[in-house]
Amino acid sequence: MKNNKRDGTFYINPYLGGILLGLVLFATYYITGRGLGASGAVKSTVVTAVHAVAPSHAEESGYYSKFLSDDASPMNNWLVFEVLGVIIGGFISGTIYGRLKLKVEHSPKITDKRRLIAAASGGLLFGIGSQLARGCTSGAALSGMAVLSASGIITMMAIFGSAYLFSWIFKKLWI
Amino acid sequence: MNKNYIFLTILAVVIGLGILIMPETKHDNQIKPVDLLIAIDDPSRFLSTDVITDRLVKKDPTLLLIDVRTASQFNSFSIPGAINIPLDSILARSTAEIMGNKDLDKVFYSNADVTSDQAWIINKRLGYKAIYVLQGGVNKWFNTIVINEIPADTEPVEIIELYQFRKGACQYFFGNNETGSVKESNAAPKKAVVITKKATGASAGGGC
Amino acid sequence: MTGPLIPMGVIPETWNNVIALIIGIGFGFALEASGFSSSRKIMGTFFGYDFVVLRVFFTAAITAMSGIIYFDFMGWMDASMLYINPYYVSSAITGGLVMGAGFALGGFCPGTSFCGVAIGKIDAMIFSAGLFVGIFIFSEIYPLFEKMYNSGNLGGAMIYDMLGLSKGVFAFLLIIVAIGMFYAATFVEKKVKKVDY
């Protein structure tokens with residue numbers, strides 16, 4: 001049994017995982033008054049990087065300047081630390097269940113290269129979309145659903161609806 | 001199918017039924033009458049036209065000017081960068097969104113400061129923070145910033161400096177469409193001010 | 001202790017980052033242990049061979065939602081102080097559609113891709129790099145989107161208000177719909193040919 005759990009194929013029961021995730025989300029709301037997030041950390045990294053490389057460009061841009069206030073905005077730092085935690089937490093879980101392995105995961109029908117190109121373009125689109133919608137699956141959809149906000153539920157339906165449509169278009173990438 | 005899931009289903013339904021039958025929680029964020037009275041007595045909600053102008057010129061992203069006059073008045077003349085929320089729509093949902101933004105200093109203004117103060121009191125009572133009133137309203141702003149009497153050369157440095165600041169701000173907002181004579185006449189004090197500004201940098205910074 | 005703790009001043013702001021790290025660890029663990037570090041497992045939801053995303057996502061949403069509603073009811077937490085993402089109609093929908101396309105191509109969303117990075121998935125690393133580039137591109141061409149980005153602001157609108165339901169009724173319906181979907185998912189999984197991943 002124990003061996004079986006460590007060979008990398010064991011995942012916890014999805015409902016247990018969901019309840020764990022829900023409790024984490026609830027704790028986040030209870031402690032900080034805000035939800036979880038992921039894309040926000042990337043955004044603040046990009047803003048900080050652009051500000052460091054080209055300060056005047058960042059201050060003039062209509063978008064970067066929104067996130068550049070005099071006192072380093074705490075929410076953005078918060079998300080960066082949270083995402084660092086996500087990586088640590090994922091690493092812990094990966095260690096326990098024996099999933100640490102450097103590899104490209106893809107359908108046997110496609111090459112590594114094709115998978116990586118698809119991943120890069122997917123990341124690109126997700127980056128753009130998450131800024132438009134003011135949050136990604138975790139920040140806008142999941143956290144929004146927990147407080148029953150309109151933006152959360154509408155964004156969730158838009159993401160999953162369009163993902164269903166596009167996944168059939170890109171079916172060859174997956175199965 | 002795993003039999004245990006039936007228990008989970010029942011648990012979820014029971015939790016849901018609990019939510020269904022519980023009365024909706026009311027949240028009252030309004031501040032206490034006593035606190036409101038104290039706040040009304042506190043003149044620190046009034047910001048002067050010069051302070052606001054300075055922040056406008058510096059493009060302070062945390063400043064939001066809110067014009068509480070009617071839309072027609074707003075369209076005929078308004079302070080650059082202001083948004084229009086007439087007093088009668090001060091309780092609209094879109095207003096609540098703006099008022100709830102803790103990162104913005106919300107400054108109300110009207111023609112004088114009566115209507116804007118009313119808007120301030122309504123929002124103060126609703127518990128919103130970082131709200132202010134532009135002292136003297138758009139009239140004072142126009143009279144101090146746009147119409148600007150040239151001080152005599154014998155006036156104290158502070159007065160000339162203030163004049164220079166207002167003049168510069170006016171040009172910043174409305175472009176340099178002044179007559180040539182006005183421009184020439186202030187050429188001399190301009191030089192003097194550049195020097196004095198450095199000397200009195202600290203006090204000028206504190207004042208604005 | 002009435003929550004939310006930090007906005008209420010129960011926990012000083014200086015603890016913010018420590019709490020963020022701990023919450024992040026919990027978040028990352030829950031995602032990875034449920035299998036969200038594997039793009040092919042995630043994509044199972046869209047092809048019907050593994051509905052783990054659907055199960056975890058909706059279980060988490062209704063768990064957190066119930067927790068918040070009950071704590072609010074008991075007076076342990078002031079739900080009106082919670083941050084509600086403003087709802088900008090067109091940008092939320094457009095952004096969601098773009099993200100869906102990215103989801104279908106990349107097989108991750110930002111949170112899950114970081115989990116993938118943590119266990120050494122190269123595709124997840126490339127996806128995360130793509131995220132940075134995407135956000136950079138968006139910021140650079142922001143003026144093109146500015147009008148859409150700021151249009152149709154409905155503020156922190158609540159879905160139950162928009163539908164004209166009470167909070168309790170909507171939450172109850174959401175739980176029932178979620179349970180229905182879980183059973184439907186199990187049913188579909190049995191019909192669809194298993195995919196090895």
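Every chain is numbered from 1, with letters handed out A, B, ... down the list of sequences.
A heavy-atom distance below 4.5 Å is not found between the side chains of C:V169 and C:Y160. At a threshold of 4.5 Å between non-hydrogen side-chain atoms, the residues C:K41 and A:Y11 count as touching. Looking only at side-chain heavy atoms (C-beta outward), A:L21 and A:L142 come within less than 4.5 Å of each other. Contact check for C:I25 versus C:F27: no side-chain heavy atoms found under the 4.5 Å cut-off. Annotation: side chain of A:V80 is in contact with side chain of A:S44 (closest heavy-atom distance under 4.5 Å). Looking at A:K43 and A:Q131, their side chains come closer than 4.5 Å, going by heavy atoms from C-beta outward. When side chains are defined from C-beta on, C:F103 counts as touching C:I42, because their heavy atoms get closer than 4.5 Å. Using a 4.5 Å cut-off on side-chain heavy atoms (C-beta onward), C:M43 and A:K171 make no contact.
Using a 30° and 60° split on the angle between ring planes, C:Y149 and C:F138 fall in the tilted class, from 30° to 60°.
For C:F46, the parts sitting under 4.5 Å from any heavy atom of chain A are the backbone and the side chain alike. Using a 4.5 Å cut-off between heavy atoms, C:I84 contacts chain A through its side chain alone, with no backbone atom that close. Residue C:I126 touches chain A through both its backbone and its side chain, counting heavy-atom pairs closer than 4.5 Å. Neither the backbone nor the side chain of C:I141 has a heavy atom closer than 4.5 Å to any heavy atom of chain A. Using a 4.5 Å cut-off between heavy atoms, C:S90 does not touch chain A at all. Neither the backbone nor the side chain of A:S143 comes within less than 4.5 Å of any heavy atom of chain C. For chain C, the nearby parts of A:V147 are the backbone and the side chain; heavy atoms of each come within less than 4.5 Å. Heavy-atom distances place both the backbone and the side chain of C:A92 under 4.5 Å from chain A. With a 4.5 Å cut-off on non-hydrogen atoms, C:I11 touches chain A through its side chain but not through its backbone. Only the side chain of A:L173 has a heavy atom closer than 4.5 Å to any heavy atom of chain C. Neither the backbone nor the side chain of A:A58 comes within contact range of chain C; no heavy atom of the residue lies under 4.5 Å from a heavy atom of that chain. Only the side chain of A:I154 has a heavy atom closer than 4.5 Å to any heavy atom of chain C. The parts of C:F132 that come within reach of chain A are both its backbone and its side chain, each placing non-hydrogen atoms under 4.5 angstrom from that chain. Interface residue C:F71: only side-chain heavy atoms are found under 4.5 Å from chain A. Contact of A:V50 with chain C is made through the side chain alone, with heavy-atom distances under 4.5 Å. When heavy atoms are compared at a cutoff of 4.5 Å, A:S138 approaches chain C solely by way of its side chain, counted from C-beta outward. Neither the backbone nor the side chain of A:M157 comes within less than 4.5 Å of any heavy atom of chain C. The contact between A:Y164 and chain C is made by backbone and side chain atoms together, counting heavy-atom distances below 4.5 Å. In this structure, chain A has no heavy atom under 4.5 Å from any part of C:F36. Residue contact with chain C, scored on non-hydrogen atoms closer than 4.5 Å, involves the backbone of A:H106 exclusively. Within the 4.5 angstrom heavy-atom criterion, only side-chain atoms of C:V53, from C-beta onward, approach chain A. Both the backbone and the side chain of A:I87 come within contact range of chain C, each with at least one heavy atom under 4.5 Å from a heavy atom of that chain. Proximity to chain C (any heavy atom under 4.5 Å) is shown, for A:T32, by both the backbone and the side chain. At a 4.5 Å heavy-atom cutoff, the contact between A:I153 and chain C is made by side-chain atoms alone.
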**Asked** So C:N16 and A:F81, side chain to side chain contact (heavy atoms under 4.5 Å, CB included) or not? Walk me through it.
**Response** CA-CA 9 Å; C:N16 244 332; A:F81 277 90; over 6 Å; no
**Request:** With side chain to side chain contact (heavy atoms under 4.5 Å, CB included) as the test, would you mind laying out the steps for C:Y87 and C:I159 before giving the verdict?
**Result:** CA-CA 10 Å; C:Y87 177 40; C:I159 187 77; over 6 Å; no
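Residue A:I159 comes nearest to A:A141 through the heavy atom pair CD1-CB, 4.5 Å, listed as atom of the first residue, atom of the second, then distance. Of all heavy-atom pairs between A:A146 and A:Y29, the closest is CB-CE1, 4.0 Å. In terms of heavy atoms, C:M99 sits closest to A:A133 at CE-CB, 3.6 Å.
By number of non-hydrogen pairs under 4.5 angstrom with chain A, the leading residue of C:A30, C:C115, C:S113, C:G100 is C:G100. Contact count versus chain A (heavy atoms, under 4.5 Å) is highest, among C:P143, C:G116, C:P86, for C:P86. Ranked by heavy-atom pairs shorter than 4.5 Å toward chain C, the options A:L165, A:L23, A:I19, A:L84 are led by A:I19. For the options A:S121, A:A27, A:S130, heavy-atom pairs under 4.5 Å to chain C are most numerous at A:S130. Put simply, of A:L100, A:L20, A:D112, the one with the most heavy-atom pairs under 4.5 Å next to chain C is A:L100. In terms of heavy-atom pairs under 4.5 angstrom with chain C, the leader among A:R134, A:M156, A:M145, A:H57 is A:R134. Most heavy-atom pairs under 4.5 Å with chain A, from the set C:F51, C:F108, C:Y142: that is C:Y142. Contact count against chain A (heavy-atom pairs under 4.5 Å) is highest for C:M65 among C:E146, C:M65, C:M125. If you tally non-hydrogen atom pairs under 4.5 Å between each of A:A140, A:G135, A:G161, A:C136 and chain C, the highest count goes to A:C136. Chain C forms more heavy-atom pairs under 4.5 Å with one residue of A:V24, A:L36, A:V42, A:T28 than with any other, namely A:V42. Your options are C:I6, C:I122, C:L163, and the one with the most heavy-atom pairs under 4.5 Å with chain A is C:I122. In terms of heavy-atom pairs under 4.5 Å with chain A, the best-connected choice from C:D123, C:I137, C:T59, C:T63 is C:D123.
Ring centers of C:F145 and A:Y63: at least 6.0 Å apart, outside the cut-off.
A salt bridge is defined here as a Lys NZ or Arg NE, NH1 or NH2 lying under 4.0 Å from an Asp or Glu carboxylate O, and A:R34 with A:E82 fails to meet this definition.
Atoms CD1 and CZ, on A:I110 and A:F170 in that order, are 12.0 Å from each other to the nearest 0.5 Å.
In this structure, C:R40 is not positioned above the aromatic face of C:F47 in the sense of NZ or CZ being under 6.0 Å from the six-membered ring centre and within 45° of the axis.
The number of heavy atoms from other shown groups lying within 6.0 Å of CZ (A:F91) does not exceed 12.
Looking at A:R115 and C:S39, their side chains do bring a donor and an acceptor atom within 3.5 Å of each other.
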